Protein chains: 2
Amino acid sequence: MSARAYLVDDDEAIRDSLGWLLESKGVACLAYPSAEDFLAAWTCELAGCVVLDIRMGGMSGPELFEQLRQRGSQLPVIFLTGHGDVPMAVAAIKKGAFDFVEKPFNDNELVDRVVAAIETDTRQRSAASSLGSTQALLARLTQRERQVMELVLAGKFNKVIADELNISMRTVEVHRANLFEKMGVKTAVELAQRLSALGER
Amino acid sequence: MSARAYLVDDDEAIRDSLGWLLESKGVACLAYPSAEDFLAAWTCELAGCVVLDIRMGGMSGPELFEQLRQRGSQLPVIFLTGHGDVPMAVAAIKKGAFDFVEKPFNDNELVDRVVAAIETDTRQRSAASSLGSTQALLARLTQRERQVMELVLAGKFNKVIADELNISMRTVEVHRANLFEKMGVKTAVELAQRLSALGER
DNA sequence: TCGCCTATTGTGGATAACCGCAAGTCGCGC
DNA sequence: GCGCGACTTGCGGTTATCCACAATAGGCGA
């Protein structure tokens, strides 16, 4: 799925003109006449950015934004609004909207922002995929291995770990070796550093 | 230095009324008639938040904000503006302003935001001081200890470290023990986790 | 010059980590 | 029932870590 700008606006004239504008600048677009339509089509694979009208029949722009975030989407959202509302703009940006643009807008400026938003999404996705691979490794661990890992990361000795889990030291050693193997590390320090990358989010 | 709201506005009437409002709600204030005056008084010890008019004679609010950030201040800034300017609000929030409020404002709402800003600053400072203490510990290490620490964090064996630094294993052990002592940790894993907190910034 | 800190090294022993080999139980799906 | 994977344990040996005791050497301020 390549990166696109997803236009959500209930005004067909806007969809058409904005779509044409972006396409003419080399930005692929898909247009939706309502927030509900876009939400129905949305999957976490959709890459690019969303250009979203504030006021629409049915679900409003901010509501759709909220829904997307609740579904875990990190897609950059650019709001379009026809009536300069400072509190709404402030609230949107504070909630993590990528931008907030008043209509009528300068064509080049909007295209620039859309392009910047798409680039941001692309960067986020590549960063997330490297973290994701670590998480994929993590997912392959068995229950016991995960338990042992946590205690290892707590800096505890195998002896102590064995005690806390009520198993023999030898068993701890086996789990430890297995989880190191699965995580592709050779020492506990490497493991700690690999995982700290996740915590930074 | 206790936390205060620092009011910067060239309108004496606003300074007085706002100061009175905040003081009446238990928020200590200091008022400055210009951005230059506040900047001259500013030190990184000042804690609390800044309430800043956008338009002032001399340096503008956004300019002062920029100056503060360049000086490394993380002080939350609340902008006050008399003329709803969406692009300016968006730009300010994206640059990290705490809030952007239009005049005339609702008294209680503004007080709430000032209080929230001060709380944010307080939290930031306590978090920063705990990181700072780690950095202080780091600063107490000797050259060799630092070198050894890096190699330890690279997950290398004492034997390898000794080899790379062209010293004996025993010496590495000594440095290792000393640096663990100075950093207040007992294992390499703890050290890695302590330091990863710095990386998250 | 004396004392303190840093850096260095050695010996030897206690403790912990790491590993191959071997083997037992348990639950689950074919 | 059989095989597979997760979990379990023991034995014995190698390697690494951790530490106490002991000692040498250079730099630097009192």
Side-chain angles (χ1 to χ4, degrees), chain A residues 131-199, chain B residues 129-199:
Chain A
L131 290 185
S133 67
T134 298
Q135 289 188 311
L137 292 179
L138 223 46
R140 287 177 44 220
L141 298 181
T142 65
Q143 297 272 299
R144 273 308 204 202
E145 284 163 356
R146 230 185 302 280
Q147 291 173 356
V148 170
M149 185 182 73
E150 284 179 22
L151 296 172
V152 166
L153 290 178
K156 297 182 177 173
F157 294 135
N158 286 352
K159 189 208 285 190
V160 180
I161 296 173
D163 209 54
E164 291 192 21
L165 295 181
N166 284 310
I167 54 181
S168 77
M169 243 184 77
R170 186 66 187 86
T171 307
V172 174
E173 291 176 51
V174 173
H175 287 317
R176 185 178 179 134
N178 289 339
L179 82 89
F180 278 15
E181 161 87 55
K182 287 184 182 176
M183 296 299 292
V185 297
K186 293 217 304 275
T187 70
V189 176
E190 285 179 61
L191 182 63
Q193 292 181 336
R194 177 75 63 95
L195 292 182
S196 76
L198 285 180
Chain B
S129 74
S130 71
L131 289 185
S133 67
T134 299
Q135 289 187 312
L137 292 178
L138 226 44
R140 289 176 44 220
L141 298 181
T142 65
Q143 297 274 301
R144 273 307 203 204
E145 286 163 355
R146 231 184 303 279
Q147 291 173 358
V148 170
M149 185 182 74
E150 284 178 21
L151 296 172
V152 166
L153 289 178
K156 297 180 178 174
F157 293 134
N158 287 350
K159 189 207 285 193
V160 180
I161 297 173
D163 209 56
E164 291 192 21
L165 295 181
N166 284 311
I167 55 182
S168 78
M169 239 184 79
R170 188 63 188 87
T171 306
V172 174
E173 290 177 41
V174 173
H175 288 318
R176 184 177 179 134
N178 288 339
L179 82 87
F180 277 16
E181 160 87 52
K182 285 184 183 176
M183 297 299 293
V185 297
K186 292 216 304 273
T187 70
V189 176
E190 283 180 61
L191 182 62
Q193 292 182 335
R194 177 74 64 94
L195 292 182
S196 77
L198 285 180

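Residue numbers begin at 1 in each chain, while the letters A, B, ... track the order of the sequences. In this text the structure is predicted, and so the values were computed from the model without any measurement.
Salt-bridge annotation for Lys156(A) and Glu164(A): present, with a side-chain N of the basic residue lying under 4.0 Å from a carboxylate O of the acidic one.
Taking atom NE2 of His175(A) as the reference point, atom C1' of dG5(D) lies 12 Å away to the nearest angstrom. Rounded to whole Å, the distance from CG on Leu179(B) to P on dT6(C) is 13 Å. Leu165(B) places its CG atom 10 Å from the P atom of dT9(C), with the value rounded to the nearest Å. When the P atom of dT6(C) is taken as reference, atom CG of Leu141(B) falls 11 Å away, rounded to whole Å. To the nearest angstrom, P of dA17(C) lies 15 Å from CG of Leu191(A). Rounded to an integer number of Å, the gap from Gln147(A) CD to dA6(D) P is 15 Å. Taking atom CG of residue Asn178(A) and atom C1' of nucleotide dG20(C), one finds them 14 Å apart after rounding to whole Å. Whole-Å rounding puts the Glu145(B) CD to dA7(C) C1' distance at 10 Å.
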Can you give me every donor-acceptor pair (side chain of residues 183-190 of chain A, partner residue at least two apart or in another chain, under 3.5 Å) with its distance?
{"residue": "Thr187(A)", "atom": "OG1", "partner": "Val189(A)", "partner atom": "N", "Å": "3.4"}
{"residue": "Thr187(A)", "atom": "OG1", "partner": "Glu190(A)", "partner atom": "N", "Å": "3.2"}
{"residue": "Glu190(A)", "atom": "OE2", "partner": "Lys186(A)", "partner atom": "N", "Å": "3.4"}

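Two end axes, each from the C1' atoms of five base pairs, can be drawn for the helix from dT1(C)-dA30(D) to dC30(C)-dG1(D); they diverge by 30°, to 10 degrees.
Across every non-hydrogen atom of Leu179(A) and Glu145(A), the tightest pair is CD2-O, 3.3 Å. In plain terms, the two heavy atoms of Met149(A) and Leu191(A) that are nearest each other are CG-CD2, 3.6 Å. Minimum interatomic distance between Gln193(A) and Ala192(B) (heavy atoms only, all atoms of both residues): CG-CB, 4.3 Å. In terms of heavy atoms, Lys182(B) sits closest to Arg140(B) at NZ-O, 3.2 Å.
How far OG1 of Thr171(A) is from CZ of Arg176(A): 14.0 Å, rounded to the nearest 0.5 Å.
For the pair Ile161(B)/Ile167(B), no side-chain contact is recorded, criterion being any heavy-atom separation below 4.5 Å from C-beta on.
A donor-acceptor pair shorter than 3.5 Å can be found between the side chains of Gln147(B) and Arg144(B).
At a threshold of 4.0 angstrom between heavy atoms, the contacts of Thr142(B) are confined to the sugar-phosphate backbone, with no base atom among them.
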Report summary line: Its contact letters, B for base, S for sugar-phosphate only and - for none at protein heavy atoms under 4.0 Å, make nucleotides 14-23 of chain D read --SBBBBB--
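Between Arg140(B) and Ile167(B), the one whose closest nucleotide on DNA chain C sits nearer the 5' end is Arg140(B).
Phosphate proximity of dT8(D) to Thr171(A): absent, as no side-chain N or O sits under 4.0 Å from OP1 or OP2.
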